[in-house]
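Below: one structure, written as C-alpha cells.
Just so you know, ligand 1 is whichever comes first in the structure, and atom 1 is the first atom listed for that ligand. Model, not experiment: these values are computed from the prediction.
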Amino acid sequence: MQNHDTIIIGAGHNGLVCATLLAQAGQRVLVLESNSTAGGLAATREFHPGFRAAVAHHANHFSARVAKELGLARHGYTQRSLPPIGLGNDGEHVSVANGELRGASESDARSFQDYERLMQTCATALEPFWQKTIPGIGSRKLRDLATFGHLGLKLRGLGRQDMREFLRIASLPARDLMDEYFESDLVKALLSWDGLIGSRLAPRSPNAAVLAMLYRRSGESADTRSLIAALEAAAADAGVEIRFDTPVAHILVSGDDSGLRAKGVRVSAREEIAADRIISSADPKTTFVDLLGVEHLDIGFTNRIGRLRCNGYVAKLHLALEGLPEFTGLDSPDGRLLIAPEMDAIEFAFDDAKYGRCSDNPVLEVTVPSIADSSLAPDGKHVLSAHVMYVPYAHKGGWTDEARDAIKDRAIASIERYAPRIREQIAGSEFLTPADLEREYRITGGHWHHTEFAMDQMLMMRPTYGAAQYRSPVPGLWLCGAGCHPAGDLTGLAGHNAAREVLR
Ligand SMILES: Cc1cc2nc3c(=O)[nH]c(=O)nc-3n(C[C@H](O)[C@H](O)[C@H](O)COP(=O)(O)OP(=O)(O)OC[C@H]3O[C@@H](n4cnc5c(N)ncnc54)[C@H](O)[C@@H]3O)c2cc1C
C-alpha cells in the first residue's frame, strides 16, 4: 500500500526545510537519511571522546523568510552573529562590527563606508533572485514572465549609477575590487574571504567571487546548533517521519522510455518504499548517476551532469583543547578568525591546490564554537573548528594518512603563529579532507556547494538546464539540495524553493 506522498533523500538542512513545508501543506512525508543524525554537514559529530563539532560551523546567512515560514522561533532557533576578524602578524587585528571597519587606517575606515553602501545596495537588489525559481530561457508562461518582470524591476530600482557599478563589478576578481577601495593587505584579505571560501576561486580569479559576497549578505546570522535542532523539531511537529541509518541505494522508476516516472526507492535488497514523488537533497551527480542511473536519461543531459565541477577545495580541522585558546592581541577568540594576512597568501595557497598540492602556509577560518555552547566539550575545555582553504580533493599521489597528517600539521602551525600555546592545549584532533567528506556525507568531491558556484552553473543553469527548476527530466523526481539554485551554505533556500515548486 502507498503510505507516502513524498520521499525525501537526505535529512540535511535543505531536506528538512523541504519536508516540513510539504508536511505543513498536508502531505505525508518520509525522509530517509544515511547517517544517524540530522543536519547533513551541519550536524554535530563527536571527533574525540566528549568533544563535538559540526563541519559547517557557522550559519551566517540563513533565510529569515524560511525561519519565519517554518516557525523556527517556537522551536528554540536563535540568532548569533560572529564578527569576522582578520588576524595581523603583529597582533594588530582588523574586524568588522556594527557596520564599521575597526583597527584599520582612517582612509580604509572611510572607504569602507562607500564600499559597504554599494555592496549592501546590490545585495538588497539581488536578494529576490535567491528566493525565486529562475524560469528557463524562452519560457512564455505568464508566471515566468511575471518573475522576470519582478526581478528586472528590482535591478532597475538600483538606479542608473549603482546599476552601472553592479554590472561592472559583478564578475570582477575580488582583488581588483579590493584594490579599488583599500590600502591595507589585511583588510583586503578579510573582506574578500566570503567571496572565495568554498569555491575554486582565488583573489585574481574572475567569475563569481563578488556574486558570492553579495549572496552571503542575504539572510540572518544563526546559531547552527539551534538551527538544526529547530529544523528537526519543526519537521516532527508537522508530522514528518525521519528514518536514520537508511541510505537510499536506488531511485525506482516505472514505465518505459516513452513514459518514465519515479515511483519509489530501494533501501536494501529486501526493502523498497513507494511514493508519488521522490525529492533528492543528495548532490546532482549522486542523484542522477548513482541513484537513478543514466540509462533513464538522454545523452545530452547525462553529459552535462558528468561535466559538473564538483571537486571540493575546503578541508576541516577539529581540535579538542584543554582550555580556551589565547590569540595574541585578542581579548576573546569569539569570532570568525581569518588567518590570511594578505591576498597573495590566499592566491599562493590556491596556486598549489590547482596542481593537486597543499600549501606550506594554508589559509584558515577559525572559530571556537564551545564559547557559546559549552555542551560541545567537557567542563572548562574547548573545541576549535577551522575551515582549511585550498585543500584539493584530487590530491597528487592520493590521500594517504601521511598526506593528511602533513597538511593537518601545517594547519596547526598556521594557528600556532597567532596562538603560540595551541599545541600544548591539544588533547585530540580530526582532519577531514574533501575525500573524507565525500565518503562520510555522500557528496561527490566533498564540495561545499555540492557543485561549483560559478557563472556557468548558476540561476537557470544550476545544476544544468533540464533540471534547473527543481524538476528533473524524469517526472516524479525532484531536487532540493545545495546543487540547486541558489547554491550551498546554510540558507534553507534550495529546500524552500523546491517545496514551493512541488506544491504548485
Ligand atoms: C568543509 C565545509 C565547511 C562548510 N562550512 C560552512 C559554514 O560554516 N557555513 C555555511 O553556511 N556553509 C558551510 N558549508 C556549506 C554547507 O555545509 C552546505 O552547502 C550545506 O550543508 C548543504 O546543505 P544540504 O542540506 O543541501 O546538503 P547536506 O548538508 O550535504 O545534506 C545532505 C544529506 O543527504 C544525505 N544523503 C546523501 N545521499 C544519501 C542517500 N543515498 N541516502 C540517504 N541519505 C543521503 C547525507 O548524509 C546528508 O545528511 C561547508 C561545507 C563544507 C564542505
Notebook entry, point to check: Between Y390 and F350, is the gap from one ring center to the other below 6.0 Å?
Noted result: yes

Quick note on ligand 1: atoms under 4.0 Å from a heavy atom of G481 include exactly 26 (O)

Closest to atom 12 (N) of ligand 1 among protein heavy atoms sits D489 CA, 3.5 Å

Got a donor-acceptor contact below 3.5 angstrom from the K316 side chain to the L432 backbone?
no

Given the rule in the salt bridge (Lys or Arg N to Asp or Glu O under 4.0 Å) test, do R200 and E452 qualify, once you have shown the distances and angles that lead to the verdict?
-> CA-CA 7 Å; R200 189 170 159 234; E452 193 64 22; over 6 Å; no

Would you please determine whether P247 falls within less than 4.0 Å of ligand 1 on a heavy-atom basis? yes

Numbered in order shown, the ligand 1 atoms found under 4.0 Å of a heavy atom of G488 are 19 (O)

(Q) Taking the basic N atoms (NZ, or NE/NH1/NH2) and the acidic carboxylate oxygens, is any pair closer than 4.0 Å for D194 and R216? (A) no

For I9, the ligand 1 atoms with a heavy-atom partner under 4.0 Å come out as 39 (C), 40 (C), 42 (N), 43 (C)

May I ask you to check if ligand 1 and L490 share an N or O to N or O distance below 3.5 Å?
yes

Is it true that a side-chain atom of D436 and a backbone atom of T433 form a donor plus acceptor pair closer than 3.5 Å? yes

Scanning both residues in full, the closest heavy-atom pair of W130 with S218 reads CD1-OG, 4.0 Å

G10 heavy atoms within 4.0 Å reach ligand 1 at atoms 33 (C), 34 (O), 35 (C), 44 (N)

Closest heavy-atom approach to atom 14 (N) of ligand 1 among F453, W448, F244 is made by W448

Check whether any N or O atom of E33, backbone or side chain, sits under 3.5 Å from an N or O atom of ligand 1, and answer yes or no.
yes

Ligand 1 to N35, heavy atom cutoff 4.0 Å, flagged ligand atoms 47 (O)

Looking only at non-hydrogen atoms, the one of T287, L41, I8 nearest atom 29 (O) of ligand 1 is L41

Atom 1 (C) of ligand 1: closest protein heavy atom, distance to 0.1 Å, is V55 CG1, 3.5 Å

Any sub-3.5 Å donor-acceptor pair from K285's side-chain atoms to L308's backbone N or O? yes

Under a 3.5 Å distance rule, please check whether S414 uses its side chain to pair with a backbone N or O of P362 as donor and acceptor. yes

The answer for which part of H61 has a heavy atom under 4.0 Å from ligand 1 is neither

I'd like to check whether H387 has a polar contact with ligand 1, where a contact means an N/O of the residue lying under 3.5 Å from an N/O of the ligand. yes

Handout entry: T224 (side chain) donor-acceptor with A59 (main chain) under 3.5 angstrom
Key = yes

T246 N/O to ligand 1 N/O under 3.5 Å:
no

- request: Report the C-alpha separation of R442 and D290 in whole Å, then their side-chain angles, then the decisive distance to 0.1 Å, and conclude whether the salt bridge (Lys or Arg N to Asp or Glu O under 4.0 Å) test is met.
  value: CA-CA 11 Å; R442 296 171 182 254; D290 300 339; over 6 Å; no

State whether the shortest distance between N or O atoms of S34 and N or O atoms of ligand 1 falls below 3.5 angstrom.
-> yes

**Study point:** N/O separation below 3.5 Å, E440 to ligand 1
**Key:** no

Using a 3.5 Å cut-off on N or O atoms only, is H447 in polar contact with ligand 1?
no

Item to complete: Indicate yes or no for a side-chain donor-acceptor contact from S281 to the backbone of N14 under 3.5 Å, with no hydrogens or angles considered.
Response: no

With a 4.0 Å cut-off, would you call D373 and R52 a salt bridge?
no

Atom 25 (O) of ligand 1: of L317, L479, D283, N14, the nearest heavy atom sits on N14

Would you check the N or O atoms of H449, main chain and side chain alike, for any that come under 3.5 Å of an N or O of ligand 1?
no

Judged by modelled atom types alone, do E365 and W193 share a side-chain donor-acceptor pair under 3.5 Å? yes

shortest atom 9 (N) of ligand 1-to-protein heavy-atom contact is with H58 O, 2.7 Å

Compute the minimum heavy-atom distance from T286 to ligand 1 and say whether it is under 4.0 Å. no

>> Does R309 form a side-chain contact (heavy atoms from CB on, under 4.5 Å) with N311? I'd like the steps, not just the answer.
In response: CA-CA 6 Å; R309 296 188 304 287; N311 283 357; over 6 Å; no

Numbered in order shown, the ligand 1 atoms found under 4.0 Å of a heavy atom of G40 are 29 (O), 31 (O), 48 (C), 49 (O)

The protein heavy atom nearest to atom 31 (O) of ligand 1 is G12 CA, 3.5 Å

for atom 41 (N) of ligand 1, nearest protein heavy atom and its distance come out as V248 O, 3.1 Å

If we number the atoms of ligand 1 from 1 as shown, the ones under 4.0 Å from a heavy atom of R442 are 37 (C), 38 (N), 39 (C)

Any N/O pair A482/ligand 1 closer than 3.5 Å | yes

*Once the angle between the rings of H318 and F47 is folded into 0 to 90°, is it parallel (under 30°), tilted (30 to 60°) or perpendicular (over 60°)?*
tilted

- Using 30° and 60° as the class limits, which term best fits the ring planes of H61 and Y215: parallel, tilted or perpendicular? perpendicular

For H450, the ligand 1 atoms with a heavy-atom partner under 4.0 Å come out as 26 (O), 27 (O), 28 (P), 30 (O)

Note to self: Would V314 count as a polar contact of ligand 1, with the cut-off being nitrogen or oxygen pairs under 3.5 Å?
What the structure shows: no

For Y470 and N497, which I'm curious about, is there any donor-acceptor pair between the side chains at under 3.5 Å? yes

Any heavy atom of L437 under 4.0 Å from ligand 1? The part involved is side chain

